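As the structure is a computational prediction, the values presented were derived from the model and not from experiment. In what follows, every heavy atom counts, from backbone to side chain, and hydrogens, waters and symmetry copies are set aside. Counting begins at 1 with the first residue of the sequence.
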Amino acid sequence: MRNITRTQGLIGGITISALSFFIYQGLSDQNTLNLSSEKSSFEEVTIITQPETSINTSSISSSSTNAISKADNDEIAYQTPSTFPNGPFAPSIEDTEIDGSLKADANGNLIIDLATRDLFDYFMNTVADVPPEVAIAELEKLARAHLPENAVNQAMRLLGDYLLYKETALSYSNQALLPADQQDENYQLRMLEESFNTLKEIRRNTMSSDAVDAFFGLEEAYGEFTLASIKIQKNPDLSPEQMHLELQAQRELLPEVIRNTENRMVSDIENSQEINELLLSDQRDSEIESVLRNKGLDDEAINDALEYRKQQREFEQQYTLYKKERDQLLSAGLSETDLQSQKERLLEKYFDSEQTQTQAKVKDLSS
């Protein structure tokens with residue numbers, strides 16, 4: 001029986017192991033650090049954990065934040081650039097800006113934030129093009145050209161810890177799960193929660209708590225919110241009003257930067273649902289146009305909405321005709337093969353696009 005696994009790593013296990021080896025070996029050769037599998041000490045590293053600006057709803061990344069909150073911009077005395085002075089070292093990053101950065105304060109200590117993790121990932125993802133030691137060397141070269149030596153050593157130590165986390169997490173992700181046909185919703189939720197908590201534990205066993213907060217603080221906060229939301233929505237004892245209140249209470253527990261985005265997303269979804277119901281209503285076009293304009297939609301958006309409304313009306317008219325003939329087919333005692341053939345003929349007769357044919361098939365399932 002084929003096993004289904006948790007494999008999710010961006011970098012293969014062998015590559016991660018190799019990267020970890022080169023990091024630890026390289027630092028050992030410089031006699032700058034004595035590294036082991038134990039967590040590194042970051043007493044002198046400046047930690048920044050909470051960005052102030054808004055995030056992209058598709059991911060929690062420093063690409064969508066300034067990644068500075070507990071320090072003013074003046075505290076950043078050193079920073080790596082967004083481009084390579086001599087051009088990129090791998091084909092996959094040609095015509096791209098460097099994602100993320102390394103920064104140091106005036107005392108020469110590394111400032112850790114989400115941009116640090118982004119930079120590590122940016123370099124590590126080039127191992128499909130270049131050997132791991134090349135990616136490591138290029139990252140260190142960039143750091144040494146722009147940061148004090150102490151900050152460089154701290155960055156390389158942190159990279160070693162981060163790669164150890166990646167390697168350990170990948171080993172866990174390869175553990176077997178039940179085949180898909182043996183899973184139910186409770187099992188999937190249990191595995192989701194177990195995986196989330198195990199990854200949190202692995203991070204804290206391989207990295208300092210401050211580094212974990214900087215790299216994964218927002219991600220973990222949103223993960224907690226997601227798990228809590230799933231449980232609330234699956235609770236049969238809650239009325240819709242109670243469910244809404246409990247979900248809102250969970251949103252209030254989120255860090256502000258995520259909470260603002262989540263609230264905007266919920267508001268956008270509710271607004272979209274309201275507009276969709278309005279477009280499918282029996283109100284006149286002039287009334288709908290007035291409501292949409294009051295909601296702040298511009299002329300182009302209003303015209304698109306009214307065109308969608310027109311298309312849906314036409315679809316419903318065609319579906320009524322199609323359904324009448326389809327129902328006659330269903331009661332004609334045809335074989336399964338003939339029935340499917342005739343239904344496809346009807347779809348092509350009444351709907352002239354693949355999109356409307358698919359829409360009709362979906363509606364068939366509920367009629």
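The number of heavy-atom neighbours closer than 6.0 Å to NZ of K310, taken from other residues, nucleotides and ligands shown, is 12 or below. The neighbour count for Q312 CD, taken as heavy atoms of other residues, nucleotides or ligands under 6.0 Å away, is above 12. For D184, the CG atom is densely surrounded, since the number of other residues' heavy atoms within 6.0 Å is greater than 12.
Within the structure, the ring-ring contact (aromatic ring centres under 6.0 Å, His included) test picks out the following pairs touching residues 337-357 (sequence neighbours left out): F315-F351, Y322-F351. The salt bridge (charged side-chain N to carboxylate O under 4.0 Å, His left out) contacts involving residues 334-347 comprise E344-K361, where partners must be two or more places apart or lie in separate chains. Applying the ring-ring contact (aromatic ring centres under 6.0 Å, His included) test to pairs two or more places apart or on separate chains, none has a residue in residues 90-118. Screening residues 81-106 for ring-ring contact (aromatic ring centres under 6.0 Å, His included) gives F84-F89, F84-F123, F89-F123 as the qualifying pairs, with residues at least two apart or on separate chains. For residues 237-257, no residue pair satisfies the ring-ring contact (aromatic ring centres under 6.0 Å, His included) rule, not counting sequence neighbours.
Scanning all heavy atoms of the two residues, the minimum distance from L158 to F120 falls at CG-CE1, 3.8 Å. Across every non-hydrogen atom of I111 and A104, the tightest pair is CD1-C, 3.8 Å. Heavy atoms only, all atoms of each residue included: T206 and D161 are closest at O-CB, 3.5 Å. The shortest non-hydrogen separation linking A155 to L102 is CB-CD1, 4.0 Å. In terms of heavy-atom proximity, P88 sits nearest to I93 at CB-CG1, 3.7 Å. Nearest heavy-atom pair, I98 versus P81, reported as atom, atom and distance to 0.1 Å: CD1-O, 3.7 Å.
M124 places none of its side-chain heavy atoms less than 4.5 Å from the side chain of K166. Using a 4.5 Å cut-off on side-chain heavy atoms (C-beta onward), I112 and Q154 make no contact. Annotation: side chain of L192 is not in contact with side chain of T226 (no heavy-atom distance under 4.5 Å). Between D121 and D99 there is no side-chain heavy-atom pair separated by less than 4.5 Å. Put simply, the side chain of L253 does not reach to within 4.5 Å of the side chain of E224, judged on heavy atoms.
F215 and F196 end up in different hydrophobic clusters when Ile, Leu, Val, Met, Phe, Trp and Tyr side chains are linked at under 4.5 Å. Linking Ile, Leu, Val, Met, Phe, Trp and Tyr residues whenever their side-chain heavy atoms come within less than 4.5 Å places L330 and L321 in a single cluster. L280 and I302 fall into different hydrophobic clusters, where Ile, Leu, Val, Met, Phe, Trp and Tyr side chains are chained together by heavy-atom contacts under 4.5 Å. Hydrophobic clustering keeps L227 apart from V266 (ILVMFWY residues linked when any side-chain heavy atoms are closer than 4.5 Å, directly or through intermediates). Residue I269 is not grouped with residue L297 when hydrophobic side chains (ILVMFWY) are merged at heavy-atom distances under 4.5 angstrom, including chains of intermediate members.
Salt-bridge annotation for D327 and K323: present, with a side-chain N of the basic residue lying under 4.0 Å from a carboxylate O of the acidic one. Between R293 and D299 a salt bridge is recorded (basic side-chain N to carboxylate O distance below 4.0 Å). Ion pairing between E140 and R144 holds under the 4.0 Å rule for side-chain N and carboxylate O. Between K141 and E138, at least one side-chain N (NZ, or NE/NH1/NH2) sits under 4.0 Å from a carboxylate O, which counts as a salt bridge.
Looking at residues two or more places apart in sequence or on another chain, you find a side-chain contact (heavy atoms from CB on, under 4.5 Å) between D304 and E300. Applying the side chain to side chain donor-acceptor pair (under 3.5 Å) rule to D285 yields the partners R309, R313; only residues at least two apart in sequence or on another chain are considered. K234 pairs by the side-chain contact (heavy atoms from CB on, under 4.5 Å) definition with E185, N186, L189, I230, not counting sequence neighbours. Looking at residues two or more places apart in sequence or on another chain, you find a side chain to side chain donor-acceptor pair (under 3.5 Å) between Q311 and E307. Y165 is linked by a ring-ring contact (aromatic ring centres under 6.0 Å, His included) to F216, counting only residues two or more places apart in sequence or in another chain. In this structure S353 satisfies the side chain to side chain donor-acceptor pair (under 3.5 Å) test together with T356, sequence neighbours excluded. Listed by chain and number, the residues in a side chain to side chain donor-acceptor pair (under 3.5 Å) with E97 amount to none (sequence neighbours excluded).
Between L142 atom CG and T80 atom OG1 the span is 5.0 Å, to the nearest 0.5 Å. One finds the CE atom of M207 at 9.5 Å from the CG atom of L164 (value rounded to the nearest 0.5 Å).
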Could you walk me through whether I258 and F225 pass the side chain to side chain contact (heavy atoms under 4.5 Å, CB included) check?
CA-CA 10 Å; I258 310 179; F225 166 76; over 6 Å; no

Kindly indicate, with the supporting measurements, whether the criterion side chain to side chain contact (heavy atoms under 4.5 Å, CB included) is fulfilled by S101 and L119.
CA-CA 5 Å; S101 63; L119 186 78; 5.5 Å; no

Taking it one step at a time, do M191 and E194 satisfy side chain to side chain contact (heavy atoms under 4.5 Å, CB included)?
CA-CA 5 Å; M191 289 300 99; E194 178 187 306; 3.4 Å; yes

Residue pair E246, Q250: steps toward the side-chain hydrogen bond (donor to acceptor under 3.5 Å, both in side chains) verdict:
CA-CA 6 Å; E246 292 206 15; Q250 287 298 322; over 6 Å; no

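Side-chain atoms of T320 come within 3.5 Å of backbone atoms of E316 as a donor-acceptor pair (strictly under, hydrogens ignored). The backbone N or O of R259 lies less than 3.5 Å from a partner atom in the side chain of N263, making a donor-acceptor pair. In this structure, the side chain of E287 engages the main chain of R284 through a donor-acceptor pair within 3.5 Å. The main-chain N or O of V257 is found under 3.5 Å from a side-chain atom of T261 such that the two form a donor-acceptor pair. Here the side chain of D129 pairs a donor or acceptor atom with the backbone of S92 at under 3.5 angstrom. Of the possible polar contacts, none joining the R203 side chain to the V212 backbone as a donor-acceptor pair under 3.5 Å is found. Put simply, the side chain of T198 never gets that close to the backbone of S195: no donor and acceptor are under 3.5 Å apart. Formation of a donor-acceptor pair under 3.5 Å by the S281 side chain with backbone atoms of L278 is found in this model. Of the possible polar contacts, none joining the N109 side chain to the D105 backbone as a donor-acceptor pair under 3.5 Å is found. Remark: side-chain polar atoms of Q183 are paired, donor with acceptor, to backbone N or O of L178 under 3.5 angstrom.
Looking only at atom types and distance, the side chain of E262 has a donor-acceptor partner in the side chain of Y222 under 3.5 Å away. A donor and an acceptor atom, one from each side chain of T116 and Y162, are nowhere located under 3.5 Å apart. Using a 3.5 Å distance cut-off with no hydrogens or angles, the side chains of E314 and Q318 do not pair a donor with an acceptor.
Applying the side-chain contact (heavy atoms from CB on, under 4.5 Å) test between T168 and each of I202, L163, L199 identifies I202 as the sole match.
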